[in-house]
Amino acid sequence: MAKAGAPVYARAMPLYYFNLYNDAVTMDDEGVELADPEAARAHAIKEARHMAADSVLQGHFACSHRIEFVDGERAPVGAVRFDEAVEVRA
């Protein structure tokens, strides 16, 4: 048990990188600390929605554009295509 007044050190969260594959490939060199792979997927979905919205504002939308996310050692964790991040209704 820690003594009263002793510093408590938090364990760092895992680092995830989010690489963008659209008209060009943009590799993430900063990364984001997130709790787990589920949080990383949620972050990728949020970013894909922002980028898809920007594309629509420019007059186009490419379903195949995607964000791939990898862990701190650059091992693949998952991917989110833009068309998976949004619901398109007729």
Validation row: [X], [Y] side chains within 4.5 angstrom (heavy atoms):
X     : Y     : answer
His43 : Tyr16 : no
Gln58 : His60 : yes
Val56 : Phe61 : yes

Can you tell me how far [atom2] of [Y] sits from [atom1] of [X], rounded to the nearest 0.5 angstrom?
X     : Y     : atom1 : atom2 : answer
Phe18 : Glu30 : CZ    : CD    : 12.5 Å
Ser64 : Asn22 : OG    : CG    : 9.5 Å
Arg41 : Ile67 : CZ    : CD1   : 11.5 Å

**Report entry** Hydrophobic cluster identity match, Tyr17 and Met51, side-chain contacts under 4.5 Å
**Finding:**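 No, Tyr17 and Met51 fall in different hydrophobic clusters.
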**Report entry** For Met27, the rest of its hydrophobic cluster, which grows through side-chain links under 4.5 angstrom
**Finding:**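 Besides Met27, the hydrophobic cluster comprises Tyr21, Val25, listed by chain and residue number.
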Query raised in the report: Which heavy atom in Glu33 sits nearest to a heavy atom in Ala12, and how many Å separate them?
Result: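 Scanning both residues, the minimum pair turns out to be OE2-CB, 4.4 Å.
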Show me the donor-acceptor pairs, under 3.5 Å and distance only, between side chains in residues 68-86 and residues at least two apart or in other chains.
from, atom 1, to, atom 2, distance (Å)
Glu68, OE2, Arg66, NE, 2.8
Glu68, OE2, Arg66, NH2, 3.2
Asp71, OD1, Glu73, N, 2.9
Asp71, OD1, Arg74, N, 3.1
Asp71, OD1, Ala75, N, 2.9
Arg74, NH1, Asp28, O, 3.2
Arg81, NE, Asp83, OD1, 3.0
Arg81, NH2, Asp83, OD2, 2.9
Glu84, OE1, Arg81, N, 2.9

